[in-house]
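The basis for the numbers below is simple: all heavy atoms, side chains too, and nothing from hydrogens, waters or symmetry mates.
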Amino acid sequence: MFRPTAFGGALTALATVAAGVFFAAAVNTSPAVAAGTGTGYLHTSGNQIVDSTGATVRLTGINWFGMETDNKTFHGLWSSNPWRGQLDTMARLGYNTLRVPYSNDALKAGATATGINDFVNPDLIGLSPLQILDKVIDYAGSKGMRIILDRHRPTAAGQSPLWYTSTVSEATWINDWKMLAQRYAGNPTVIGADLHNEPHAEGTNPAATGACWGCGDTTRDWRLAAERAGNAILGVQPNWLIFVEGVSCPSGGLSNVWDNDPSNDEDCGWWGGNLSKAGQFPVRLNVANRLVYSPHEYATSVYRQTWFDAPDYPANMPAIWDKYWGYLYKQNIAPIMMGEFGSTLADPKDRVWLERLMAYTGTGVSGMSFTYWSWNPNSGDTGGIALDDWTNINTTKQAILQPYLIAPSGGGPTGGPTGGPTGGPTGGPTTPPPGACTASYRQVNAWPGGFQGEVTVKNTGTAAVNPWSVTWSWPSGVTLGSGWNATVTQSGTTVTAAAPGHAPSLPAGGSVTVGFTANGTASTPGTVKLNGASC
């Protein structure tokens, strides 16, 4: 999502606060912990998300936007990193869930996806936005990831304060949700619907025209609209989770600080982030244990809220987070899944903010769920986890998030309840014995004068290889174009893929896939080795 602009001073109505305590203890004590994102469909139990066996699941995900824009599909498909390679990296880093923003324009018959590098992604040529989404869902599911669909905008033109506009009716909004629920019925990779992105205030009180919470006006009360849409979706797909964001101001209008009437003034915050009235006016769904509240929270790179300059910052933040959404979790009312949060980290205050926010969500599998904004480097307000080449990553951001990430099952060597890479011996790289690895190769694409492929190496030994390095040989005349999931270089006919700094260890039984493009005749890599040992 492209972030809204907030007004300053007392007019913080367009931006909802979210801040929190440094640690949130789990209330629910589930008898088991699920690996990755668990088994089957998910539901809720108190403030926890659990799988079909009752085991606790924590969604630690990321947003990959673009389907809500004029491109009508994921951004970065224009890069040299193929779409599968990008998902491989997300999973390997520990992101077990993908939140996918879309607009209703992308769902229309005849909608066309643009901004796709045909050479790198030939399997996407001619596909509709929904068909591309199908492929992303299938591949993400094969890696153990889950998908949350996010109705981000009614049209590609921009966000809206209400869930409907003059050109996109409430009926269209609900019918499109029902279509998606039917399309992915029976596919537990898709776990739920984030009903509408960032409902927010519009108009000046007392003449409010934006989204309110609990005001009772069916044309503006987001809580009532969420019930109508959520129950319509559950009527088609009762297994989905329903993710409900907050508003910015419960009244649905902006405060007029110049009218000297305090009755028209209220405390507001980030769009979609104010769930302060959800305890008093809860969302009521016809299927029990399906509701997840999903606030948004941002830092100074989006807008410098007053609390960032408070004398007691950052100690003031827990009470702010508590007030707007954290209480729902701490009082065991419902799970929290922070749908968006992020920053460029350009301001030193933002690093502190992110560190404290992550600590507030709690550690381990029972902590609050989240999907970071964003994978995309082209988010003007926050930047991304991916850098501008859509291949390498922002290690500063990743290092802060890493301890809270729980990798999907099959997601790669990183992750686990703490998500941190395992440390290696201090005496140098680990060398496996000969035969303690296996290698496979897949040619992804080929074109006149070049090709694209993936080398997958598995550590079949009994100890971790740290740091790992994979080498292979090519015939004379074949040269490296680009590589990803490692630092890939070439010397003569030998190619070396060295472990990235954020994932240096390849554990016993773990595997890594190195992707590349090359110039020359398509050739199968020969003499593949892991740290010098032949596979």
Side-chain angles (χ1 to χ4, degrees), residues 18-28 30 33-38 42 47-50 55-64 89-99 144-146 148 243 292-299 314 317-318 321-322 325-326 329-330 335-343 345 350-375 382 384-386 393-409 411-423 501-503 505:
V21 295
F22 299 168
F23 175 77
V27 177
N28 181 283
S30 295
V33 170
T37 52
L42 308 181
N47 66 0
Q48 299 292 296
I49 297 174
V50 297
T56 304
V57 168
R58 186 179 191 181
L59 306 177
T60 63
I62 196 163
N63 287 267
W64 189 5
T89 302
M90 294 178 209
R92 178 172 49 79
L93 292 173
Y95 298 103
N96 63 33
T97 300
L98 188 65
R99 181 174 179 261
M145 298 177 74
R146 303 286 193 153
I148 297 170
F243 296 87
V292 178
Y293 287 114
S294 187
H296 291 186
E297 158 71 9
Y298 280 97
M317 297 305 293
W321 287 317
D322 281 351
W325 45 271
Y329 177 90
K330 295 177 76 174
I336 288 292
M337 201 289 293
M338 250 195 318
E340 294 181 19
F341 64 106
S343 167
L345 299 188
D350 286 16
R351 183 184 180 110
V352 174
W353 165 86
L354 184 57
E355 291 171 344
R356 297 298 178 91
L357 177 63
M358 295 312 298
Y360 179 74
T361 68
T363 57
V365 75
S366 61
M368 302 180 199
S369 293
F370 57 83
T371 49
Y372 186 79
W373 188 273
S374 61
W375 170 249
T382 66
I385 292 297
I393 68 160
N394 185 313
T395 54
T396 301
K397 293 180 181 179
Q398 184 64 27
I400 297 173
L401 298 172
Q402 194 77 60
Y404 302 90
L405 300 179
I406 299 175
S409 53
T414 64
T418 59
T422 56
H502 60 269
S505 181

Kindly determine whether Asp322 and Tyr360 satisfy side chain to side chain donor-acceptor pair (under 3.5 Å), including the steps that lead there. CA-CA 10 Å; Asp322 281 351; Tyr360 179 74; 2.7 Å; yes
Could you go through Glu340 and Tyr372, starting from their C-alpha distance and side-chain angles, then the distance that decides it, and tell me whether this counts as side chain to side chain donor-acceptor pair (under 3.5 Å)? CA-CA 5 Å; Glu340 294 181 19; Tyr372 186 79; over 6 Å; no
Under the side chain to side chain contact (heavy atoms under 4.5 Å, CB included) criterion, do Met317 and Leu357 qualify, and how do the steps go? CA-CA 8 Å; Met317 297 305 293; Leu357 177 63; over 6 Å; no
Apply the test side chain to side chain contact (heavy atoms under 4.5 Å, CB included) to residues Ile336 and Val292: give CA-CA distance (whole Å), side-chain angles for both, the deciding distance (0.1 Å), then the verdict. CA-CA 6 Å; Ile336 288 292; Val292 178; over 6 Å; no
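Closest non-hydrogen pair, Ala91 versus Ala407, comes out as O-CB, 4.3 Å. When every heavy atom of Arg58 is checked against every heavy atom of Val365, the shortest pair comes out as CB-O, 3.2 Å. Among all heavy-atom pairs drawn from Gln48 and Pro335, the shortest one is O-CG, 3.4 Å. Residue Val50 comes nearest to Thr56 through the heavy atom pair CG1-CA, 4.1 Å, listed as atom of the first residue, atom of the second, then distance. For Pro403 against Ala399, the heavy-atom pair with the smallest separation is CD-O, 3.4 Å. Looking at every heavy atom in both residues, Leu405 comes nearest to Leu93 through CD1-O, 3.3 Å.
For the residue pair Glu297 and Trp325, no side-chain donor N or O sits within less than 3.5 Å of a side-chain acceptor on the partner. Judged by distance alone, the side chains of Asn47 and Tyr293 never bring a donor and an acceptor atom under 3.5 Å apart.
In summary, of the residues considered (Thr89, Asn63, Ile62), a side chain to side chain contact (heavy atoms under 4.5 Å, CB included) with Ile385 occurs for Ile62 alone.
A distance of 6.0 Å separates CE of Met358 from CE of Met338, quoted to the nearest 0.5 Å. The line from NE2 of His296 to OH of Tyr298 is 6.5 Å long, rounded to the nearest 0.5 Å. The CD1 atom of Ile393 sits 7.5 Å away from the CH2 atom of Trp375 when rounded to the nearest 0.5 Å. Here NZ of Lys397 is found 5.5 Å from OG1 of Thr382. Values are rounded to the nearest 0.5 Å. A distance of 6.5 Å separates CG in Leu42 from CG in Leu59, rounded to the nearest 0.5 Å.
Remark: the backbone N or O of Gly339 is paired with a side-chain donor or acceptor of Thr371 at under 3.5 angstrom. Side chain of Arg146 to main chain of Thr37: a donor-acceptor pair is present (N/O by atom type, distance under 3.5 Å, no hydrogens or angles).
Remark: Asp350 engages Ala299, Thr300, Ser301, Ser343, Leu345, Asp347 in a side-chain contact (heavy atoms from CB on, under 4.5 Å) (not counting sequence neighbours). Residues meeting the ring pair (Phe, Tyr, Trp, His ring centres under 6.0 Å) test with Phe370, sequence neighbours left out: Phe341. In terms of the side chain to side chain donor-acceptor pair (under 3.5 Å) criterion, residue partners of Thr60 (sequence neighbours excluded) are, by chain and number, Asn96.
Considering only heavy atoms from C-beta on, Tyr329 stays 4.5 Å or farther from Thr361 through its side chain. Taking 4.5 Å as the limit, some side-chain heavy atom of Trp64 sits within range of a side-chain heavy atom of Met90.
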